[in-house]
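A short worksheet on the structure shown next.
Here is how names work: the chains are called A, B, and so on, in the same order as the sequence lines, proteins then strands, and each is numbered from 1. Bear in mind that the values here come from a model prediction, so they are computed numbers and not experimental data.
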There are 2 protein chains.
Amino acid sequence: MNYRLLSRTLGIICILFAITMLFSLPWAHPWLGWRRHLEPPLESPEFEWRGFVGLLLSSLISAVIGGILLWAGWRSRGQQLFRKEAMATVGLSWLLATVLGALPYLLSGTQVGPQQTISIADALFEAQSGFSTTGATVLTDLEDPELVPHCILFWRSSTHFLGGLGIVVLLVAILGQGAGGKAMMRAEITGPTKDSQFSRMQKTAGVFALIYVVLTLVLSLIFWLCGMSLFDALCHAFGTLATGGFSTYNASLGHFDSPLIEYITVLFMVLAGTNFGLLLFVSLGQYERLFKDPEWRVYIAIMTIVSVAIIFFGMANGDFENLNSALRNSLFQVVSIMTTTGFGTDDYDVWNNFGRGVLILLMFVGGCAGSTGGGMKVIRHVLLAKILKLELELSYHPKVVRPLRIGNRTINDHDLRKHILVYFGLVAAVFACSWLVLITIEPDRQWTSGATVTSGDLLDHKLLDCASAVAATLHNIGPGYGVVGPTANYQGFSATSKLLFVFLMVLGRLEMFSILVLFLPAFWRKM
Amino acid sequence: MNYRLLSRTLGIICILFAITMLFSLPWAHPWLGWRRHLEPPLESPEFEWRGFVGLLLSSLISAVIGGILLWAGWRSRGQQLFRKEAMATVGLSWLLATVLGALPYLLSGTQVGPQQTISIADALFEAQSGFSTTGATVLTDLEDPELVPHCILFWRSSTHFLGGLGIVVLLVAILGQGAGGKAMMRAEITGPTKDSQFSRMQKTAGVFALIYVVLTLVLSLIFWLCGMSLFDALCHAFGTLATGGFSTYNASLGHFDSPLIEYITVLFMVLAGTNFGLLLFVSLGQYERLFKDPEWRVYIAIMTIVSVAIIFFGMANGDFENLNSALRNSLFQVVSIMTTTGFGTDDYDVWNNFGRGVLILLMFVGGCAGSTGGGMKVIRHVLLAKILKLELELSYHPKVVRPLRIGNRTINDHDLRKHILVYFGLVAAVFACSWLVLITIEPDRQWTSGATVTSGDLLDHKLLDCASAVAATLHNIGPGYGVVGPTANYQGFSATSKLLFVFLMVLGRLEMFSILVLFLPAFWRKM
């Protein structure tokens, strides 16, 4: 095991976290304006001592741990980095990030609801939901600063920003481990990569990070010009570009009730779900690359067709007031779910069953490879469709070997075919097993009593609700159906179930392999 | 195209059907005792003229069509049979069987309910459900001979018998097309075959057919000795050995309320879901082959573990009266669903959510390869698990090539790995697409009004109900959840949806490939 790299990586993460936590500190003071649109408005805003101390302590703890790790890393011997070690490093980094990210919630004594202090499972859930850019929450009331201070809300959205393009991509850009970095990049960057115009991974990671930061700042500025406070603008920009979905209001982005803000968010969600390699070409003026890209065309086509279909069936069923509101709500929800962002402006759970059903399927699609979007990625579905068609042809013409083509290019890599199929198999297996575990360990009380439901009949919804919760966390979306619907949250689940979701979120974000291998006994042999 | 073989095959099917229909004729007469357990008992049983004439006409039509086809086949030229043509022949045979099988229902004017004559879509559904050994029904009342005559009920169960081991397997045994037969066998026999002790396909098919017929007769005799009438004994034996599930009572096998009959049925369902190759060895006295077979061990293990788990959670939730009834009902329902039979003795839809959820997953497992059971087959799941584990290992040790082992044998066939993964991909794709189509085309009226439901809230169940209907037809099980639950039937669906189910049933029974290829334009080129 390359302990030198491991210690250095973990150490740098700690220091990065310590610094980022400091950025959340100023928001403890009412100077910065906070949220203008709060209902009821804050009468006498006060300095948030609890949040301030919690964040400061967390930052100190992170810095101390980081210092120790860097010192240990400096002392230990360095070796060549193997693929296996890179995978273990990524997994351990993510674990450390989750624990550190949970500290501010715990140390500030954040309240998940009135008279209900956050538990360890809650804090881990919220931190992992942030880093994995899922956006699922266990906080039942975001709008009362007595429960959740502004500085903690800012840290919450910052975890999206950090998780955004992947902590490890940033680390590759900063650390630059050569071949090791390359191996890590493979474990981290999402989906089957396509363009390698920039041969050096380090440079690519840096450029991607730059695009990401610039887009976030641009969107923050636009939001601010649209009338949001600086606090809201930054938090929602973090949530959008990371395809996260944490908001600062209980009604999510629907709070602003502004078509302008919603259409702008749609545009930036689409960008965030686009391959960053393509965004780079676009920023260099090569717009035609966008429209020539087979994945991006399918990505846009799916969003367009599904939105139109939802408008059609929604109007027929009276789900929308008029065509204008239908376009606005359908497009927003479709883009939000497909890019795995999870912002909400309308309760799709009360739409007709076509809309509800098609959104469930969209949860399994996701954004483009090489974007901040989660899910299974559009390209995998495109390839799966092509592979299945080729294999059907092979079944009656066993001797004819036809190549796999995507766009104008022929993919000769036979391992890729298998890899795509294996990925779908893994997702199906993880989904089925997690669903079975969830319905087994989760008590029925959420469905039979409590604030979120009204009738005992809703117990029949447990199967679907749990399936949607598994899909929404595994694919890093956030909202699901029923008790985890767009107007609800994950607070009702038991601590064990919340830890299962934490596991699913990291599993989805790191695309299965890096985490699942840690559970093979053979992986740890001869380390 | 080898028109000679095609005509001969289709011709023989017609003649076989004409003869089988004649076997249903005697049941039009009350002499034979019919059903003893009917409530209310039949006061003055009458000769069923409608059913008799309908069956006789159907038999004549089949015989005439068969004669024409045989005459055409005798005149046309024969060539070598290619894989492609074998697949087309299987597909067309199944289509013809469905149409012929629907004739008796239509010509006898069977009533699906009071004052409601069977429609063409209904008749095709019922026939396909029989041949594909699904056991889903659109008949709302089986117990009134004014609606469904006994001779038609007997024909209905006979379609299970015919479908049982696969019409084409029988045809291989009768026709013996050499290499062509071998190609057809491959398209027809279910799952990845394992033992080829008998080199000649013809002989194997004959022996399998013999085992099947003997087991059916033995079970009929046992049922008869248990107190069933001859009619009930034969019909239920047909339904059991074919893993079909058509009963002659509205309450399915639960009508008899006899633990003895239920445990005997469990035993024979387990046998019907066992690889017939293994049954052959057992009949030759080599019992140890059974317990050494990796697939059979997993098959038994799953049924045992799931039954015990359902007893445990069911007792905890008060689903069962006592441990005795828990064992009886849990075991029966688990074996019935897993072997894809679909007989019912208890309404599992009102069990707790663990029981309901685990049964949904069992629907995707199915029986053993080379049995009459439908579904995805146990061996495919065993292989998938092994393949996924190997591929996870490959992800961190790309250079290590480990063989796929099952039991004590190494499988060097690399195409098999891909084939298994492709099969799962096809099932996932077909399932998702059919579900989307079904929720789109099926009107909401089943869930908002009518006899099967009581409240408008049940509309929220449409997604799950439709998913279970797709799973139950695609995997040839029969009952699902909600509107297609164990106490309900498929009558409420629209004609279009019923035709979709017809398609799914044949797709599942012929294991995807043979039917899906017919939709590729390339398949029909250069025929």
If I measure from the heavy atoms of chain A, does B:Asn317 come under 4.5 Å with its side chain, its backbone, both, or neither? side chain
If I measure from the heavy atoms of chain B, does A:Phe424 come under 4.5 Å with its side chain, its backbone, both, or neither? neither
Taking everything shown except B:Lys418 itself, do over 12 heavy atoms lie less than 6.0 Å from its NZ? yes
Option in A:Ile439, A:Ile387, A:Val358, A:Leu388 with maximal non-hydrogen atom pairs under 4.5 Å from chain B: A:Leu388
Do NZ/NE/NH1/NH2 and the carboxylate oxygens of B:Glu511 and B:Lys377 come within less than 4.0 Å? yes
Identify which part of A:Leu392 has an atom lying under 4.5 Å from any heavy atom of chain B, answering side chain, backbone, both or neither. both
Non-hydrogen atoms of chain A under 4.5 Å away: do they reach the side chain of B:Ala428, the backbone, both or neither? neither
Under 3.5 Å, is there a donor-acceptor pair between the side chain of A:Glu442 and the main chain of A:Ser497? no
Hey, can you tell me if B:Trp351 and B:Tyr348 have their rings parallel, tilted or perpendicular (30° and 60° cut-offs)? perpendicular
Part of B:Leu464 lying under 4.5 Å from any heavy atom of chain A: side chain
Could you label the plane-to-plane angle of the B:His475 and B:Phe364 rings as parallel, tilted or perpendicular, counting under 30° as parallel and over 60° as perpendicular? perpendicular
Partners of B:Asp349 by salt bridge (Lys or Arg N to Asp or Glu O under 4.0 Å), sequence neighbours excluded? B:Arg356
In terms of heavy-atom proximity below 4.5 Å to chain A, should B:Leu520 be classed as side chain, backbone, both, or neither? side chain
Is chain A contacted by the side chain of B:Tyr481, its backbone, both, or neither, given a heavy-atom distance below 4.5 Å? neither
